[in-house]
There are 4 protein chains.
Amino acid sequence: MAVQRETTRDRILEAAENAFGDKGYHETLVDDIAGRTSLSKGGFYFHFPSKEDLFFAVIDRLASRLTRRAEEAAGRCESPLAGADAALSEVLTTLGRRRRLAKVLLVQGYSMGSAFEQKRVEVFGQFAAVIQDGLDRAVEAGEISPIDTEVVSRAWLGAVNEVIVNWIYRGTPAPSDALPVLRKVLVGGLERPTADREASNG
Amino acid sequence: MAVQRETTRDRILEAAENAFGDKGYHETLVDDIAGRTSLSKGGFYFHFPSKEDLFFAVIDRLASRLTRRAEEAAGRCESPLAGADAALSEVLTTLGRRRRLAKVLLVQGYSMGSAFEQKRVEVFGQFAAVIQDGLDRAVEAGEISPIDTEVVSRAWLGAVNEVIVNWIYRGTPAPSDALPVLRKVLVGGLERPTADREASNG
Amino acid sequence: MAVQRETTRDRILEAAENAFGDKGYHETLVDDIAGRTSLSKGGFYFHFPSKEDLFFAVIDRLASRLTRRAEEAAGRCESPLAGADAALSEVLTTLGRRRRLAKVLLVQGYSMGSAFEQKRVEVFGQFAAVIQDGLDRAVEAGEISPIDTEVVSRAWLGAVNEVIVNWIYRGTPAPSDALPVLRKVLVGGLERPTADREASNG
Amino acid sequence: MAVQRETTRDRILEAAENAFGDKGYHETLVDDIAGRTSLSKGGFYFHFPSKEDLFFAVIDRLASRLTRRAEEAAGRCESPLAGADAALSEVLTTLGRRRRLAKVLLVQGYSMGSAFEQKRVEVFGQFAAVIQDGLDRAVEAGEISPIDTEVVSRAWLGAVNEVIVNWIYRGTPAPSDALPVLRKVLVGGLERPTADREASNG
DNA sequence: TATGAATGAGCATTCATTCAT
DNA sequence: AATGAATGAATGCTCATTCAT
């Protein structure tokens, strides 16, 4: 009942969050976590049944914290749209303040070493470059208002990525069905110059 | 001189694409690939110096194909914006037609088994639900026009994800800098059901 | 506090000495050593970081024992020349009593990589140093005429080495039979100062 | 019948001598030798049935050359003792001129299986036989007192071996510098049957 | 003679997990 | 609660050798 300053379980969770954030799941050994906790391997297994369970516990803890913050931020808003907007901002801001947290949540569980991560950077960079190039020229041509096309191209790429991955894992909605919505939201999200500047177009 | 119907190297690449798509990098054994190619393990190592090299070769092949298709689609369009739009559609459509290809490119290199993938589904689902809930209520409240909020919430989530991951790996742009742009594009991409704005629709 | 009858590490060392003596370094598998110790392969690796480390530990143990015996034998003698003579005898006798020990020390394991060659240098250097030290003092004491004791000590060492190796491979002549001859040749090969110096001996 | 300037087999032998001298038997791959000969692996196997056979061919070539030189040197001397002495000198001098040859002969390749050990016996036996023959005849000629010439020849061989190996690994003392000392010790170690020398025995 | 693709047995090392104490 | 010795299945990679061409 009294305040439990810090249980061994919590220390493990903390150490694991750091370890997974630093090195990813596979590269993090149970020995690493035991070491960071000044615990023997056997000691660790008293608190968690497996390394996988530990990883999930770490993820759950991080995810529930983040979800709660997002919900609270939304709850403080008057209109629902403002709430969704606030949730978006809250998540981005929180992750932006804690890079390691972000890494565990978004990448590290699904990564395998620096060589692989570099490859991810390279390949996604290729895709983003194609989009960004189009957007840059759209700006130059006066089709859309000036905007940070790097961020926008990453946003497009991420949106496509997530829609596809969601479809892979859950089977729906089909990409073909999602496409019109995605186009309306993403392409439609770009401001078109006001009428009086259209004269500057060829 | 003659057409090289199918080199052993290509057969390995093909088998590896399937294997990685089915089971992910770690779960795919060199023996699996050798088996699928009717090749001995030693035979495989004659063509590729390591399993990691093979994986990268697979990724490169897929990525360059997809990039080429996207660029070609963009090139067929008259305006740059239409080009970016077309590239987006092409990528989504192509990946949507080949689930396994999508898996290798977007997930499998960075995953570790079905339990982990389920966790990914669960956690990302939580985040998406928060956003979707807000959007649903925004629609009900008449703040925004009716739209498939599942797709939109996934798009938002994906956009945030990618912006964060890009920042993690490349250090820039900072999430705080990206936030306004992201909000403008994502939130601004939603139609407001004001009577006088219908004229702005194509 | 109590006497540590036999640690697992010692059992491994013992088994490894026999295995290396029987089959040489390359032919001895980690599985062999684990088997002889009734230990799993993983169990072995708890005690030694690698097969190479184990080999060096075996060599070190044998070498230090032999060096100690040689030094003790030399210490029991009154004159330096007799001491060097005794050290020579001790090494020869000891190796002659344990063929396997000799095999590990003089033959098995060398010439398979720079790390092994360095070890050879180190161990042979230890032996040579013991002999050379005795010879140096014999010179100082006026027992023998000044001479390049480094070369002489290497010669003694090499002669012993070869007699032993020959016995290992061919079974004859036995070290005990060879000893008197060896002593006469090697020790007798050193010049004694001219007659008028005999007065300086005890 | 015609002069065969350089057969492929000889080129392989040459390359192998260098390779074995540089890296030892195990570390030298068939690929290395094929590479140094600008030959494919398959090409190599046309000329030699196995890597082991190649190694033995290399050793045989080196050993027979060295043996011949030693015998010739002995043959040019008037007395048997001088001949043995000359053989000793010849071996030492020859090995001292070609460090790599010495390395292959004395160190590289042994102690890795019974076939290798048998070869060691054979080759060392050849050398010892040359020396022993000279000593036997020196005894017969009354140059030196009767003694176990097998042991003595092994001692000489071992002394030379060790001085050479020491030089190989540590670079000093140079064989040429060691030679006089070695001669004085080893040759001087043999009793001359002069009547007035019996007083010097203990 | 020579090539080079293919073989396949071999092997050290890793690491999550167990368990007697 | 904790230790640390022990397990054992798992696996990527090596390399001498073969063989169809």
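Protein chains get the first letters and strands the later ones, always in sequence-line order, with residue 1 at the start of each.
- For K23(B) and dT11(F), the NZ to C1' distance is 13 Å, given to the nearest whole Å.
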In residues 39-48 of chain B, what donor-acceptor pairs under 3.5 Å come from side-chain atoms, sequence neighbours left out?
from, atom 1, to, atom 2, distance (Å)
S40(B), OG, G43(B), N, 3.0
K41(B), NZ, D31(B), OD2, 3.2

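- Not one side-chain nitrogen or oxygen of H47(C) sits closer than 4.0 Å to the OP1 or OP2 atom of dG4(F).
- Rounded to a whole Å, the CD1 atom of I12(C) is 11 Å from the P atom of dA5(F).
- Summarising the geometry, the separation between CZ on F48(A) and C1' on dA1(F) is reported as 14 Å, rounded to the nearest angstrom.
- In this structure, F56(C) and E52(C) have side chains that are in contact, with non-hydrogen atoms separated by less than 4.5 Å.
- When rounded to the nearest whole Å, the span between CZ of F46(C) and P of dT3(F) equals 13 Å.
- Within the structure, a side-chain polar atom (N or O) of T8(C) is placed less than 4.0 Å from OP1 or OP2 of dA6(F).
- Partners of T37(C) according to the side-chain hydrogen bond (donor to acceptor under 3.5 Å, both in side chains) rule, which considers only residues two or more places apart in sequence or in another chain, do not exist here.
- Spacing between atom CZ of R9(C) and atom P of dA5(F) amounts to 12 Å, rounded to whole angstrom units.
- Listed by chain and residue number, nothing satisfies the side chain to side chain contact (heavy atoms under 4.5 Å, CB included) test with A34(C) (two or more places apart in sequence, or in another chain).
- For A16(C), the side chain to side chain contact (heavy atoms under 4.5 Å, CB included) criterion is met by F20(C), I33(C), L54(C), V58(C), not counting sequence neighbours.
- The pair E14(B)-R9(B) does not meet the salt-bridge criterion, since no charged nitrogen lies less than 4.0 angstrom from a carboxylate oxygen.
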inquiry  = Walk along nucleotides 14-21 of chain F from 5' to 3' and tag each nucleotide B, S or - by protein heavy-atom contact under 4.0 Å, base first, then sugar-phosphate.
reply    = BBBBBB--
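- Residues that satisfy the side-chain hydrogen bond (donor to acceptor under 3.5 Å, both in side chains) test with T8(D), not counting sequence neighbours, are absent from this structure.
- Considering only residues two or more places apart in sequence or on other chains, R98(D) meets the side-chain hydrogen bond (donor to acceptor under 3.5 Å, both in side chains) condition with E17(D).
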message = Wobble G-U and Watson-Crick pairs count when both distances are under 3.5 Å; given that, what is the 5' to 3' dot-bracket string of DNA chain E, with | for pairing to other strands?
response = .||||||||||||||||||||
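- Under the side-chain hydrogen bond (donor to acceptor under 3.5 Å, both in side chains) criterion, S64(A) pairs with no residue at all, not counting sequence neighbours.
- One atom, CD of E27(B), and another, P of dA10(F), lie 13 Å apart when rounded to the nearest Å.
- Side chain of L39(A), nearest nucleotide from dA5(E), dT7(F), dT3(F): dT3(F).
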